[in-house]
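Working notes for the structure below.
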Amino acid sequence: MTNGVLSYVQRLFKNPSITESDLYGSMGDFIQAEEQQRFCATCSGIALCKYKGLRWSVSAKKIFGRKIIVAELGKCVNRERKSRQRKMERLIRASKIPKAMKRCTFDTFITTGDPMIRTAKGLAMASVEDGASIILGGGTGVGKTHLAIAMVQETVSRGREALFVPVVDLLDEIRSGYDEGTADAIQEAVKEADCVAFDDLGAQRSTSWVSERLFSVIDARYRLGKQTVITTNACSMSQLEKMLGERGARIVSRLTEMAQPLFIKARDFRTRKNVQQRLPVGK
């Protein structure tokens, strides 16, 4: 039995000089790893996996200067991929993109005749590519929410976790989650997702509890280096600080370090849309 295990490990590492003394742990673990390797060579997916997505792996490690070879039980890549996919699907279901706004993509964003709007779209598209955080501020109807949703949908289409969360709705869900036992899970999902767009920051009624929750979430994303998109009706960082209440200064401090701000001064989106409809094709 030992000779069979040794022969398997030598073939696996393409190294005939490996000896029995290099193997660490139970021989049964190595036998399981070899048997599973044969089974997994024709993987039929997690649903048909007799190992339920658990997989033995054989690897070389160095302990106290000595190289050893161990067999360990972990998760197979297909199970991890499936787990990430399920998590992403939960996040997408939790995302608050209104049905009517799922049409908000980069392709449907109108920039005709307005250099600042073109700059905002370019910044949003570049941020999807490089994972940078941004703040989109300005008055109503300049396209901030459209761009945030476009970023989230494009990020999801590339296989990353992304959430669009109106700030007021998020706070309401956390409040009701205390009774339902989901408050912690909601906050953890928002803290850990690859990309989160917080829509209409500053529109919330400011209280100590609200300010504390917002700081907790944004500070966690700052420390984790997660991409964060902010939309706000504030027209400057100092105005946003006032809108955020008690913890406003600390929240804005984090946002200033983690995100590039752009405060948009432009015509209402509906006006631009009407102009676009009157233009000849190709303009």
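Quick caveat: nothing in here was measured; it's all calculated off a predicted structure.
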Q. Who pairs with Tyr222 by side chain to side chain donor-acceptor pair (under 3.5 Å), at least two apart in sequence or on another chain?
A. Glu257
Q) With sequence neighbours left out, what residues match Ala183 under side-chain contact (heavy atoms from CB on, under 4.5 Å)? A) Ile174, Tyr178, Gln187
Q | Residue list, side-chain contact (heavy atoms from CB on, under 4.5 Å) with Glu241, at least two apart or on another chain | A | Ala249, Val252
Q: Determine the minimum heavy-atom distance between Phe106 and Ala124, stating which atoms define it.
A: CE2-CB, 3.8 Å
Q: Identify, with sequence neighbours excluded, every residue that meets salt bridge (charged side-chain N to carboxylate O under 4.0 Å, His left out) alongside Lys61.
A: Glu72
Q: For Ser216 and Lys191, run side chain to side chain contact (heavy atoms under 4.5 Å, CB included): C-alpha distance rounded to whole Å, both residues' side-chain angles, the deciding distance at 0.1 Å, then the answer.
A: CA-CA 9 Å; Ser216 173; Lys191 288 176 181 179; 3.3 Å; yes
**Q.** Residue list, side chain to side chain donor-acceptor pair (under 3.5 Å) with Glu188, at least two apart or on another chain
**A.** none
Q: Kindly indicate, with the supporting measurements, whether the criterion side chain to side chain contact (heavy atoms under 4.5 Å, CB included) is fulfilled by Thr228 and Val196.
A: CA-CA 5 Å; Thr228 303; Val196 174; 5.6 Å; no
Q: Name all residues meeting the side chain to side chain donor-acceptor pair (under 3.5 Å) criterion together with Ser253; count only those two or more places apart in sequence or in a different chain, and write none if there are none.
A: none
Q | Approximate separation, where rounding is to 0.5 Å, of Asp172 CG and Gln204 CD | A | 11.0 Å
(Q) Suppose we screen for salt bridge (charged side-chain N to carboxylate O under 4.0 Å, His left out). Which residues come up paired with Lys121, at least two apart in sequence or across chains? (A) none
(Q) Can you pull out every salt bridge (Lys or Arg N to Asp or Glu O under 4.0 Å) where at least one residue sits in residues 137-159? Sequence neighbours excluded, please. (A) Glu129-Arg158, Glu154-Arg158
Q) Which atom names give the shortest non-hydrogen contact between Pro261 and Met237, and what distance separates them? A) CB-SD, 4.2 Å
Q. What pairs of residues pass the salt bridge (Lys or Arg N to Asp or Glu O under 4.0 Å) test when at least one of them lies in residues 209-219, not counting sequence neighbours?
A. Glu212-Arg247, Asp219-Arg223, Asp219-Arg254
Q: Verify the neighbour count for atom CZ of Phe13: are there more than 12 heavy atoms of other residues, nucleotides or ligands below 6.0 Å?
A: yes
Q: To the nearest 0.5 angstrom, please state how far the CE atom of Met243 sits from the CG atom of Leu240.
A: 6.5 Å
Q. In chain order, what residues pass the side chain to side chain donor-acceptor pair (under 3.5 Å) check against Ser238, with sequence neighbours excluded?
A. Ser236
Q.
Let me confirm one number: the CD-OG1 distance from Gln239 to Thr232, rounded to the nearest 0.5 Å.
A. 7.5 Å
Q | Within-4.5 Å side-chain heavy-atom neighbours: Arg175 and Trp209 | A | yes
Q. So which heavy atom on Ser211 is nearest to which on Gly248, and how close?
A. OG-N, 4.2 Å
(Q) Just to verify, what does Asp184 make a salt bridge (charged side-chain N to carboxylate O under 4.0 Å, His left out) with, not counting sequence neighbours? (A) none
(Q) Quick check against the 3.5 Å criterion: does Gln227 have a side-chain atom that pairs as donor or acceptor with the backbone of Ser127? (A) yes
Q: Determine the sole option in Val168, Asn233, Thr231, Leu244 for which the side-chain contact (heavy atoms from CB on, under 4.5 Å) test with Leu201 is passed.
A: Leu244
**Q.** Minimum heavy-atom distance between Lys102 and Gln153, given as atom pair plus value
**A.** O-NE2, 3.0 Å
Q | Donor + acceptor pair across side chains of Thr108, Arg103 (<3.5 Å) | A | no
(Q) Show, in sequence, the C-alpha distance, side-chain angles and deciding distance for Asp200 and Val167, and conclude whether the side chain to side chain contact (heavy atoms under 4.5 Å, CB included) test is met. (A) CA-CA 6 Å; Asp200 218 359; Val167 170; 5.6 Å; no
**Q.** Closest heavy-atom pair and its distance - Leu262, Ala120
**A.** CD2-CA, 3.5 Å
(Q) I need the Gln260 CD to Leu136 CG distance, nearest 0.5 Å. (A) 10.0 Å
Q: Check for a donor-acceptor pair, side chain of Ser133 on one end and backbone N or O of Ala259 on the other, with a separation under 3.5 Å.
A: no
Q: To the nearest 0.5 Å, tell me how far Leu147 CG sits from Ile264 CD1.
A: 6.5 Å
Q) Would Asp29 and Val58 satisfy side chain to side chain contact (heavy atoms under 4.5 Å, CB included), going step by step from the backbone distance to the final call? A) CA-CA 9 Å; Asp29 293 347; Val58 178; over 6 Å; no
Q) To the nearest 0.5 Å, what is the distance between CE (Met151) and SG (Cys104)? A) 14.0 Å
Q.
Please find the pair of heavy atoms, one from Met258 and one from Ile218, that lie closest to each other, and give the distance.
A. SD-CG2, 4.1 Å
Q: Sort out for me which residue in Thr19, Asp22, Ile18 forms a side-chain contact (heavy atoms from CB on, under 4.5 Å) with Gln10.
A: Ile18
**Q.** Donor-acceptor contact below 3.5 Å, side chain Glu20 vs main chain Leu6
**A.** no
Q. Considering the options Leu163, Ile135, Leu214, Ile230, which one meets the side-chain contact (heavy atoms from CB on, under 4.5 Å) requirement together with Phe198?
A. Ile230
**Q.** Contacts of Arg118 that satisfy salt bridge (charged side-chain N to carboxylate O under 4.0 Å, His left out) - sequence neighbours left out
**A.** none
